[in-house]
Amino acid sequence: DDNPSDWPQHGRTTFEQRFSPLDQINTRTIGRLGLAWRQDFDTSRGQEGTPLIVDGVMYVTTSWSKVEALDAATGRVLWRHDPAVPGGVAVRGCCDTVNRGAAYWDGRVYVGTFDGRLIALDAKTGRLDWSVNTIPHDAALGDIRSYTIDAAPRIAKDVVIIGNGGAEFGARGFVSGFDARTGRLKWRFFTVPAPGNQPDHAASDNVLSSVAYKTWSPTGGWTHSGGGGTVWDSIVYDPVTGLVYLGVGNGAPWNYKFRSNGEGDNLFLASIVAIRPETGKYVWHFQETPKDQWDFTASQPMMVLDLPVQGRMRHVLVQAPKNGFFYTLDARTGAFISAIPYTFLNWAKGIDPKTGRPDIVPDALWSLTGRTWFGIPGSLGGHNWAPMAYSPQTGYVYIPAQQLPEPFKADDHMRLHDMGVNLGIDMTGLPADPKVLAAVGKTVQGWLLAWDPVAGKAAFRVQHDTPWNGGVLATAGGLVFQGLATGGFEAYDARTGARLYHFDAHSGIVAPPVAYAVHGRQYVAVEVGWGGIFPLMGGALARMRNDSVNHSRLLVFALDGKDRLPADSRPVQTLADGVGSFEPERARRGYVSYQHFCMACHGDNAIAGGVLPDLRWSGALGSPDGFYSIAGMGALKNFGMVGFSSVLKPQEIEDIRQFLISRARHDAALGEDKK
Ligand SMILES: O=C(O)c1cc(C(=O)O)c2c(n1)C(=O)C(=O)c1cc(C(=O)O)[nH]c1-2
Ligand SMILES: [Ca+2]
């Protein structure tokens with residue numbers, strides 16, 4: 001924390017409170033805030049990065065794991081590094097080819113790449129110093145296992161620590177520690193046991209065989225799918241305890257009956273696990289959601305705080321994970337302190353005050369009941385990866401909270417696919433009926449929630465138009481900054497939530513802002529670029545009260561900033577009406593394949609959320625051969641659209657084309673393109 005001008009780490013300090021001590025921009029001067037400079041990015045997918053600022057240089061990462069170093073006062077580009085992630089790996093990730101940021105240490109910039117590398121760049125020149133493949137050969141065994149990296153690496157005791165994503169496909173989660181100077185692997189910690197309880201010769205061996213293995217059915221489907229437990233975002237180093245906390249993700253597949261025959265808590269899924277950075281040795285764990293079947297990851301951003309708990313100061317770890325409870329744990333021991341709902345939730349009746357174990361509503365266990373469970377939160381959580389911030393001035397934790405309900409129903413014929421998601425749920429999405437969509441739309445909400453972690457209740461809520469808003473920054477100027485899914489960049493009074501500033505950024509913002517200073521001038525920077533999982537998969541829900549499309553750029557604000565954005569260029573989109581005919585029966589079959597293989601990127605029921613192409617408007621719909629060359633043969637592979645001919649027969653791909661035509665004609669008839 002020595003240099004208030006810098007933002008040298010992901011959450012500014014290792015405690016990841018995302019609080020800047022700068023106060024030139026404050027509740028009195030905010031009226032003078034303006035755009036100081038901007039820089040367009042060369043990708044048009046989701047931007048989730050936290051820029052780092054060290055000694056007047058800004059290090060930015062963008063989609064496809066690209067890195068840029070800029071003069072933080074002017075935006076002049078100092079160097080760029082493109083790790084050349086092959087376009088075809090996009091399909092290995094659940095949630096857009098995003099990158100959440102770099103780590104800086106001792107003259108090097110570290111970035112995880114979407115295809116699983118960890119690279120170290122010389123901070124002055126951008127020259128590649130070293131690069132390692134973080135995915136061990138045996139972890140990737142079998143085509144169904146899928147690993148990507150989009151999280152920011154963290155550095156503790158000269159060790160660079162990185163996990164990966166992939167649990168929606170099939171993955172066995174692990175975290176690796178590499179020597180910051182040489183890139184040599186120092187240790188690996190698996191979060192889920194090996195099938196048959198074999199040792200991995202890894203730091204996790206003892207705890208997996210003595211504690212975790214008995215919480216899994218020895219013959220469950222996890223023995224093929226890997227079980228999940230990916231550490232795909234939050235890792236926090238706490239120099240006070242000397243520990244590193246890992247936020248461990250959901251089960252693979254989601255279907256708990258298939259995964260573990262409906263038996264056991266499945267450690268360390270949906271758990272926080274504390275390890276030692278030097279060795280990767282296990283210290284403690286706390287499982288937030290036993291028997292996960294809702295994608296309830298514990299990967300959401302964590303922060304370390306010193307708080308009075310029943311009159312006594314405690315050094316605690318807090319998290320608002322997907323499952324809807326705000327957790328406070330003792331950072332040294334992992335002892336449970338409290339868990340209080342920060343949003344409406346229906347999957348648990350409450351939490352045992354001694355153990356922290358949830359009392360799960362029997363009907364919520366959809367994989368066991370065989371019935372549909374209408375879950376709140378749904379799989380995108382009451383809060384997802386967008387970081388929260390803490391202000392020591394108010395004592396509030398500011399959470400980008402949301403409500404996105406979801407029906408969960410078992411796929412009774414679950415088998416593991418080599419390509420596409422492996423969730424074990426029925427993939428039927430929302431119908432196209434506008435009345436149904438309007439009714440569902442009312443349940444979909446987003447807030448900036450100011451949470452008082454001492455009182456254990458909300459201090460205030462700022463209601464947003466939609467869910468999936470950006471991460472939060474708190475500053476000593478008494479301000480809280482947040483970008484919105486609808487494209488606003490806002491500042492609020494940290495005490496009251498009153499809106500003090502608004503800027504139209506022309507594209508949804510999901511990334512968290514940062515504050516820094518150069519030569520005595522304070523700046524606030526944010527990456528703009530609508531994306532992440534919600535606009536890819538969300539379908540009609542992602543279009544509710546929101547017409548954001550992706551324009552990717554960095555915006556930097558300061559007092560008396562005079563720059564402007566180019567004229568707004570929201571494209572007018574026209575549905576491909578009249579592109580041909582379809583057979584209803586083929587279109588119906590096409591829907592089932594579409595939901596399984598295409599929906600995760602192009603949107604539920606062929607409604608895209610403003611980032612990737614909306615296939616109802618695809619120019620390729622008019623030609624069966626043209627469509628097959630893309631969807632079957634992968635003509636657009638370099639852009640991230642692989643071909644599916646290895647898993648879908650030509651007639652199945654033609655069914656998908658006919659389904660898309662049926663959707664285009666249906667929605668064109670509703671006048672959808674005139675909106
Ligand atoms: O289970 C996983 O391995 C995994 C990985 C990721 C990812 O790597 O981004 C996400 C999720 N899960 C996930 O559940 C989720 O909601 C999510 C949202 C996002 C995003 O960047 O918008 N990533 C991920
Ligand atoms: Ca997940």
Side-chain angles (χ1 to χ4, degrees), residues 45-50 61 63 65 89-101 112-116 134-135 139 145-152 162-175 191-192 225-235 246-254 259 269-270 289 292-301 321-323 377-387 400 402 404 406 421-425 467-471 485 508-512 527 529-538 542 550 600-601 609 611-612:
R45 295 185 63 149
Q47 309 299 343
E48 297 188 354
T50 295
T61 68
S63 209
S65 333
V89 304
V91 74
R92 275 199 242 151
C94 62
C95 304
D96 206 350
T97 52
V98 295
N99 188 280
R100 298 196 191 91
T113 70
F114 202 71
D115 54 355
T134 70
I135 315 298
R145 305 247 184 121
S146 191
Y147 295 91
T148 50
I149 301 180
D150 42 38
I162 191 75
N164 46 58
E168 266 69 78
F169 299 85
R172 180 180 173 215
F174 59 88
V175 169
T191 59
V192 163
S225 64
T230 42
V231 181
W232 58 266
D233 189 44
S234 187
I235 298 176
L246 311 175
V248 183
N250 56 278
W254 293 0
R259 186 175 75 236
L269 298 186
T289 313
D292 169 52
Q293 47 208 284
W294 311 273
D295 192 20
F296 280 172
T297 60
S299 330
Q300 278 54 58
K322 281 185 181 177
N323 79 13
S379 68
L380 297 191
H383 167 221
N384 205 297
W385 65 270
Q402 61 187 13
L404 272 165
E406 179 169 332
V421 292
N422 280 306
L423 306 177
I425 64 169
W468 208 253
N469 296 292
I509 301 175
V510 292
E527 290 190 3
W530 181 228
I533 182 58
F534 183 51
L536 264 58
M537 182 201 79
N550 183 294
C601 289
V611 183
L612 296 182

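When a ligand or atom number is given, it counts from 1 through the structure's own listing order. In what follows, every heavy atom counts, from backbone to side chain, and hydrogens, waters and symmetry copies are set aside.
At under 3.5 Å, a nitrogen or oxygen of Trp232, whether backbone or side chain, sits near a nitrogen or oxygen of ligand 1. Distances between N or O atoms of Ser379 and those of ligand 1 include no value under 3.5 Å. Geometrically, ligand 1 and Gly165 share no nitrogen or oxygen pair separated by less than 3.5 Å.
Rounded to the nearest 0.5 angstrom, Leu246 CG and Asp233 CG are separated by 12.0 Å. Atom CG of residue Asn384 and atom CH2 of residue Trp468 lie 4.0 Å apart, to the nearest 0.5 angstrom. Between the CG atom of Leu536 and the CG atom of Leu612 there is a distance of 4.5 Å, given to the nearest 0.5 Å. Rounded to the nearest 0.5 angstrom, Gln47 CD and Asn99 CG are separated by 9.5 Å. How far CH2 of Trp254 is from CG of Asn422: 12.0 Å, rounded to the nearest 0.5 Å. With rounding to the nearest 0.5 angstrom, the CG atom of Asn550 is 8.0 Å from the OG atom of Ser63.
At a 4.0 Å heavy-atom cut-off, ligand 1 touches Asn250 through the side chain alone. Contacts between Asp295 and ligand 1 below 4.0 angstrom, taking non-hydrogen atoms only, involve the side chain exclusively. Under 4.0 angstrom from ligand 1, there are no non-hydrogen atoms of Ser299. With a heavy-atom cut-off of 4.0 Å, Asp96 does not touch ligand 1 at all. If you look at Phe534 next to ligand 1, there are no close heavy atoms at all, none under 4.0 Å.
For Gly249, the heavy-atom gap to ligand 1 stays at 4.0 angstrom or more. Between Trp468 and ligand 1 there is a heavy-atom distance shorter than 4.0 Å.
Looking at Lys322 and Trp385, their side chains never come closer than 4.5 Å, going by heavy atoms from C-beta outward. Contact check for Val192 versus Leu269: side-chain heavy atoms found under the 4.5 Å cut-off.
Those atoms of ligand 1 with a heavy atom of Trp385 less than 4.0 angstrom away are 19 (C), 20 (C), 21 (O), 22 (O). Listed by number with element, the atoms of ligand 1 under 4.0 angstrom from any heavy atom of Gly166 are 2 (C), 3 (O). Residue-ligand proximity, Gly532 to ligand 1, at heavy-atom distances under 4.0 Å covers atoms 22 (O). Here is the list of ligand 1 atoms found below 4.0 Å of a heavy atom in Val98: 21 (O). Heavy-atom contacts of Ala167 reach the following atoms of ligand 1: 1 (O), 2 (C), 3 (O) (cutoff under 4.0 Å).
With hydrogens and angles ignored, the 3.5 Å screen pairs no side-chain donor or acceptor of Asn469 with any backbone N or O of Gly471.
Of the protein's non-hydrogen atoms, Thr230 OG1, 3.2 Å is the one closest to atom 2 (C) of ligand 1. Of the protein's non-hydrogen atoms, the one nearest atom 7 (C) of ligand 1 is Asp150 OD2, 3.2 Å. Of all protein heavy atoms, the one closest to atom 18 (C) of ligand 1 is Ile533 CG2, 3.3 Å.
Within Asp295, the N, O or S atom lying nearest to the Ca ion (ligand 2) carries the name OD1.
Across all their heavy atoms, Phe169 and Cys94 have their closest contact at CE1-N, 3.3 Å.
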Going through the distances and angles, do Phe534 and Leu404 end up as a side-chain contact (heavy atoms from CB on, under 4.5 Å)?
CA-CA 10 Å; Phe534 183 51; Leu404 272 165; 3.7 Å; yes
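Between the side chains of Glu168 and Asn250, at least one donor N or O lies within less than 3.5 Å of an accepting N or O.
When the heavy-atom distances from atom 23 (N) of ligand 1 to Ala171, Gly229, Cys95 are ranked, the shortest goes to Cys95. Distances from atom 15 (C) of ligand 1 to the heavy atoms of Gln300, Lys322, Met537, Glu168 show the closest one on Lys322.
The angle subtended at the Ca ion (ligand 2) by OD1 of Asn250 and OE2 of Glu168 is 90°, given to the nearest 10°.
The side-chain contact (heavy atoms from CB on, under 4.5 Å) with Phe114 is formed by just one residue from the set Asp96, Asp150, Asn164; it is Asp150.
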